Amino acid sequence: MSNENQQPTPEVEQNPSSDKVSPFLSSPLPQGAPQGQQQSLQQGLASTPTGSVPKYNLPRGANTGNVGQTTHFGYQTVNSDDKAQKVAEVFHSVASKYDIMNDLMSFGIHRLWKRFAINMSGVRRGQHVLDIAGGTGDLAKVFSREVGPQGHVVLSDINESMLNVGRDRLLDAGCTNVDFVLANAETLEPFADNSFDLLTISFGLRNVTDKDAALQAMYRVLKPGGRLLVLEFSKPVFEPFSKLYDFYSFTALPIMGKLVANDSESYKYLAESIRMHPDQRTLKSMMEHAGFQSCDYHNLTGGIVAVHRGFKL
Ligand SMILES: C[S@@+](CC[C@H](N)C(=O)[O-])C[C@H]1O[C@@H](n2cnc3c(N)ncnc32)[C@H](O)[C@@H]1O
């Protein structure tokens, strides 16, 4: 079942205290900046001296409420409530070098993976798209063009440093139909129920502490007839290839991280977090459990990456 013939009909939530009503937000964005984006970014972080690692005042909903419970951060076991902060520090550290590192680490292949996911999205003019954990905006930039002036794209991320890079890049590229919103994928709290035709999360889900909560939040904000695409590292299907891939990830990536971004630890986390992420079949059942229907996946580059797709009927 697909949304090919569905016309976008945004559910508008009226808020009497605002003179701008967004059809996508459960409460209006802070006002005053173009599309409301600047203030919504500033809200997310406590101000810090330039260059220091900020103490993150993460968006509402970042705390899992799992006091005393543990989870994994790469191969480390950490308190569930500390993981969001640790992930935030990783992406704050790599934000300015994120795009170049992606090209180097994947030999540019991440662009093909993303293109494949975009082709599976069925995106059409006039649609409303949310790119979750969208970071520097690779997908949002393409969707901005595809949906056209009657459509609308939200680039959302939990991390202000990543979102700042994405916002500058998309505004420089003339994307005038994009909003930039700090939001935790676990709750997607700023967004109203049933408000998007298409959701994407690209290389973001493995960083989220409570993935089931995130999938449920995605189901909530997706319109009936809409689709979710999850592009993520997955489990290589060919065992000898897997050994080579392990060697590359645990040896070469941290060295590249050190040389280019002066940060080997973040790239060690990358390699570890990939190994801890649910495999193809597990993620498919998690999507089904969250309510998505007709779920399937496609392996790319021998299962190094997979695109999962699910629909809300
Ligand atoms: C590897 S980057 C992917 C960026 C972009 N989607 C891409 O494909 O290039 C992962 C992104 O997930 C974001 N992220 C991590 N945890 C998150 C959460 N709980 N909610 C929203 N975004 C999160 C990070 O801040 C980071 O920007």
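Values in this document were obtained by computation on a predicted structure and should not be read as measured data. Note that ligands are numbered from 1 as they come in the structure, with each ligand's atoms numbered from 1 the same way.
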Checklist entry - Tell me, which protein residue and heavy-atom name are nearest atom 2 (S) of ligand 1, and how many Å apart are they? => result Y98 OH, 3.3 Å
Item to check | Option with minimal heavy-atom separation from atom 25 (O) of ligand 1, where the choices are D157, L182, T200 | outcome: D157
Item to check | Distance-only polar pair, side chains of D279 and T282, donor-acceptor under 3.5 Å | outcome: yes
Checklist entry - Do any N or O atoms from the side chain of K312 and from the backbone of L222 form a donor-acceptor pair under 3.5 angstrom? => result yes
Item to check | Closest approach of any protein heavy atom to atom 5 (C) of ligand 1, naming residue and atom | outcome: G134 O, 3.4 Å
Checklist entry - What residue and heavy atom of the protein are closest to atom 12 (O) of ligand 1, and at what distance? => result A133 CB, 3.3 Å
Checklist entry - Would one find more than 12 heavy atoms of other residues, nucleotides or ligands at under 6.0 Å from atom NZ of K235? => result no
Checklist entry - Any idea which atoms of ligand 1 are less than 4.0 Å away from a heavy-atom of N159? => result 25 (O)
Next on the checklist: Keeping S80 on the side-chain end and Q69 on the backbone end, is there a donor-acceptor pair under 3.5 Å?
Outcome noted: yes
Checklist entry - At a non-hydrogen distance cut-off of under 4.0 Å, which region of K114 contacts ligand 1 (side chain, backbone, both, or neither)? => result side chain
Checklist entry - Which of these, V147, D179, L139, V142, sits in a side-chain contact (heavy atoms from CB on, under 4.5 Å) with V153? => result V147
Checklist entry - Can you tell me if Y248 uses its side chain to pair, donor with acceptor, with the backbone of M105 under 3.5 Å? => result yes
Checklist entry - Hey, does the side chain of K223 reach the backbone of D197 with a donor-acceptor pair shorter than 3.5 angstrom? => result no
Next on the checklist: Taking 4.0 angstrom as the limit and counting only heavy atoms of N184, give me the atoms of ligand 1 inside it, by number and element.
Outcome noted: 18 (C), 19 (N), 20 (N)
Item to check | Any donor-acceptor N/O pair, R309 side chain to H298 backbone, under 3.5 Å | outcome: no
Checklist entry - So which heavy atom in the protein is nearest atom 20 (N) of ligand 1, and how far is it from that ligand atom? => result A185 N, 2.8 Å
Checklist entry - Can you list the ligand 1 atoms lying under 4.0 Å from a non-hydrogen atom of A183? => result 20 (N), 21 (C)
Item to check | Closest protein heavy atom to atom 8 (O) of ligand 1, given as residue, atom name and distance to 0.1 Å | outcome: S202 OG, 2.6 Å
Item to check | atom 10 (C) of ligand 1: the protein heavy-atom neighbour that sits closest, reported with distance to 0.1 Å | outcome: F203 O, 3.2 Å
Checklist entry - Got the closest protein heavy atom to atom 14 (N) of ligand 1, with its distance? => result I158 CG2, 3.8 Å
Checklist entry - Any sub-3.5 Å donor-acceptor pair from E232's side-chain atoms to L205's backbone N or O? => result yes
Item to check | Where ligand 1 meets M162 - atom numbers and elements under 4.0 angstrom, heavy-atom basis | outcome: 27 (O)
Checklist outcome for this item: For V87, the ligand 1 atoms with a heavy-atom partner under 4.0 Å come out as 15 (C), 16 (N)
